[in-house]
Amino acid sequence: MREDTSTAVDLLTESLRAKGMRMTPQRAVIYEIMKRIKGHGHLTAQEVFERARDRLPGLNVATVYRTLEMLHEAELVDLMAYGTEVRFSLRDPKHRHCHLVCRNCDRVLDLELDEIERLAKRLKTETGFAMDVDHLTLSGLCKRCGQV
Ligand SMILES: [Zn+2]
Ligand SMILES: [Zn+2]
């Protein structure tokens with residue numbers, strides 16, 4: 001367990017350094033929280049703040065938001081924007097996905113990228129348009145909300 005944590009911090013330090021960014025306790029704690037929720041959905045800055053504030057006295061939501069955006073720039077965290085809401089999740093190269101968001105109940109389903117990549121490839125060939133497929137968000141109605 002301890003070893004796992006220090007490996008994660010090493011990876012973070014290295015990734016930040018590669019982008020010319022410094023490691024700080026704040027960044028370490030927030031990254032660790034993102035790592036722990038891996039595979040358990042996508043958190044808002046507010047939700048990350050609630051999990052981090054005990055360990056980082058004086059922390060505020062704006063700082064958490066900035067830190068998450070920075071981790072996104074360092075390609076460690078994925079960002080999902082839907083409407084006015086922004087949610088974050090750990091980037092996992094083994095689980096690349098995009099999102100199906102229900103516009104009625106806000107439920108989020110993950111979708112493997114294969115289908116979308118096929119579409120992207122065709123678009124590229126036919127129109128030259130390069131679509132951003134990673135962590136794309138598509139809106140629609142979920143099964144429950146679609147049944148009227
Ligand atoms: Zn729904
Ligand atoms: Zn996601």
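Basis for what follows: all heavy atoms, side chains included, without hydrogens, waters or symmetry-related copies. Read the numbers this way: they start at 1 and go in the same order the structure lists the ligands and their atoms.
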Distance col, row Arg27:CZ vs Met70:CE, nearest 0.5 angstrom, shows 4.0 Å
Row for the Zn ion (ligand 1): angle SG (Cys102) to SG (Cys145), 10° precision, value 110°
Is any side-chain N of the basic residue among Glu32 and Arg36 closer than 4.0 Å to the acidic one's carboxylate O? yes
Is Cys98 close enough to the Zn ion (ligand 2) that one of its N, O or S atoms comes in under 2.8 Å? no
Angle subtended at the Zn ion (ligand 2) by NE2 of His97 and NE2 of His42, to 10 degrees? 120°
Counting only heavy atoms not in Arg55, do more than 12 sit closer than 6.0 Å to its CZ atom? yes
Are side-chain N/O atoms of Thr13 and Asp10 paired as donor and acceptor at under 3.5 Å? no
